[in-house]
Structure formats: structure tokens, C-alpha cells
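Structure record follows, encoded as C-alpha cells.
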Amino acid sequence: MENRLKPMDAEQLREYGHKMVDFIADYYKTIENFPVLSQVEPGYLRNLLPDSAPNQPDSFQHVLDDIQAKILPGVTHWQSPNYFAYYPSNSSVAGFVGEMLSAGLNIVGFSWIASPAATELEMIVLDWLAKMLKLPEDFLSAGQGGGVIQGTASEAVLVVLLAARDKVLRRVGKDALEKLVVYASDQTHSSLQKACQIAGIHPENCRLLKATSSTNYALSPEFLSETISQDLTIGLIPFFLCATVGTTSSTAVDPLLSLGKIAKSNGMWFHVDAAYAGSACVCPEFRHYMDGVEVADSFNMNAHKWFLTNFDCSALWVKDRSALVQALSTNPEYLKNKITETMDGITTVWLGKPAMLYKKSYQVGQTF
């Protein structure tokens, strides 16, 4: 028993690692043979597995057999070439090889000194990606801005909403929270509403303005201006505008430049959510859909949708990283060290969620 419970040594890792790679390779080789949508009934798995966890180790081959017989039938095959639901979730062989490497290194990058490469590689790769998207230089890490990897666009919009909230409350006073108003079209992803709930924005102050076929379901600048004027008249404080490049329901593209000018004239934070269609804008023929991003305060796109990168990898850029640092960073005693205390915020513990996703930077970088 004692010998059986010892962890794998290097040679066992090599043996089982090869078997796992073979299993995955065989899965991809035959993925077209699976029905895209799982055919199981709700609760099917409980009848196939024991009521409690095993107290004895099992053979690796038996685990693979169980996956083949019990798990794969309950999988909806997102990577199938016949899959057309929701949105693209196209990983790649390079993507999951990168996952293997990152899992093996198992970096916990809560500060620069915890793993310098984790922080610095993330910054470098997101600068590469920003340049591919032709983002303004203000979004690059050499200046006051920079990029950081989030899990999803939902996290990204929450992060910038919190930064915008704290920035305006520092100006108008913390008691004004109930007066803060957020604006977007009704085509905007529902994650914005969730972010408002988390950030303490009153539900009635989350303005989702109706978009119609007359604007191809994009947010109307005129309608936005009218709504902002009405809110100012009754003493509310417009502080955040979210525009979308590629809405979930219709891939509508909001007029960024016009909306951004309205946001700037009212002292609002302007966020561009390009989670779905932003990836396409690396192509010169589609870059015009991002025209106007130069007036945005933040920009987000999902590499895990069209960039062959494993879920989840959502890239967020900001022009002024100090707003995020002030809103989200912490500096407890156990994170302090002489090196990071002398470095810029973006390379230490910026966002309170440090640059620790080495694996995602690796994946994004090596797909280009």
C-alpha cells in the first residue's frame, strides 16, 4: 500500500504523459465521429459513478477507459468542425501543449519576484498583440498603460468598472455611489449588468439603451446624448460607457468614435468590449471596425475565441494603469520585498490580480 501511494517519478510521468497525449491525439483524430451535442439525459453520470470517492488508487488505463466510456458521451464537442453554437472556442494543438508546459511549471506569480518571467512575458506578449491590433501607443506598457490577461471578458469589464467607479468617487465623494450611472446598448453582453451588481451600481442606474434595425443594432449616439442629458438634469452622475465590437446576438458594432467623444465630454470612462469580434481586427480589411478606439480608456478582446488559445484567455488593455492599481491592488506584508517595492506597479502586483498567467501568455505568443 505504501509503495502504491507514492507520487509518480519522472519515468512514470513520461510513460503516462505519452499515453495522455495519445489519448488526446486519438480524440482529435476521431472528433468528427461524435455527435456535436451530447445525447445523454440529465443525471446520467450519477448512475455510472460510485457514491463516494475511491480509497484505493486505480490504474491509469482504467481512468482513460472510464473517460472514454462515461465522460465523452456527456461532452458537447466544442472543438468539432461541425460545432456552430454560441461562439468559436477553437483551441489548438499548440494551445494545449502550452497548457502542459504551464501545468508542469505550476507558477504562482503573485508578484514579480515570485516568478519574473511570468510577469514580464505577459507584458511583452500583450504588447505584441496590441501592436497587431494597431492599438494606440497609450495602451502599451512602455507608457502609462499596458495589458493584462483576465479569465473572461466578464472579468475584464468588472475590473475596469471598479477602476472607473473608484476614480469618480475620489472626485465626487464616496456617498455619491447611488448616483452613478452606466450606459450601453441593450445588445451588450449581460456581463455588464452582473458587473454593475457586484460594483454596487443600482440596477435602475444601469442604462441599457434600445438599439434597433435602423442602426444595425448599434448604439445610437443621439439616443445616448439625450439619455445622459436627462440623467444630468435630475442630478445623476454618468461615469461609464461600454461599447461593443461584435455583440453576442447580432455581431453589431457600435460607433466608437462618436460614442467616445460623448463619453469624454461628460468625463466618463469609455470601455470597448471586443470580446467576440476583436480578434478579426488583426486583419487589415477588418481593422476599420475598431476606428475610434483611440478615444477609449480600455479595450478587451478574447484570444480564446479566434486565436487558437485554450479557454480562458481574455486580453485587457488600459491607457492609465494607475486607476486599476489604485482600485484593486493590495500590499500585505507577506508580499513585500525590496525588488518589487522599487518597481513600477504594472510589474509587481498590479490589478490586485498579478500578472501570473504565464501559460496563457505562452499560448498566445506561440500561435503567431
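In this chain, residues are counted from 1 in sequence order.
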(request) Check step by step if side-chain hydrogen bond (donor to acceptor under 3.5 Å, both in side chains) holds for Gln187 and Ser185. (result) CA-CA 5 Å; Gln187 304 297 300; Ser185 86; 5.8 Å; no
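Arg287 contributes no side-chain N or O that, together with a main-chain N or O of Val282, makes up a donor-acceptor pair within less than 3.5 Å. For Gln39 (side chain) and Leu37 (main-chain N/O), a donor-acceptor pair under 3.5 Å exists by modelled atom type. Put simply, the side chain of Asp297 gets close to the backbone of Phe270: a donor and an acceptor are under 3.5 Å apart.
Under the 4.0 Å criterion applied to side-chain N and carboxylate O atoms, Asp175 and Lys179 are not assigned as salt-bridge partners. Using a cut-off of 4.0 Å between Lys/Arg side-chain N and Asp/Glu carboxylate O, Lys70 and Asp65 are scored as not salt-bridged.
In the displayed structure, Lys210 atom NZ is contacted under 6.0 Å by at most 12 heavy atoms of other residues, nucleotides or ligands. Atom CD of Glu285 is surrounded by more than 12 heavy atoms from other residues, nucleotides or ligands within 6.0 Å.
In summary, the side chains of Tyr217 and Asp186 do not present any donor paired with an acceptor at a separation below 3.5 Å, with no hydrogens or angles considered. A donor and an acceptor atom, one from each side chain of His271 and Ser298, are located under 3.5 Å apart. For Asp273 and Thr244, the side-chain atoms include no donor-acceptor pair closer than 3.5 Å.
Side-chain heavy atoms closer than 4.5 Å link hydrophobic residues (I, L, V, M, F, W, Y) into clusters, and following such links, possibly through other members, connects Ile234 to Ile228.
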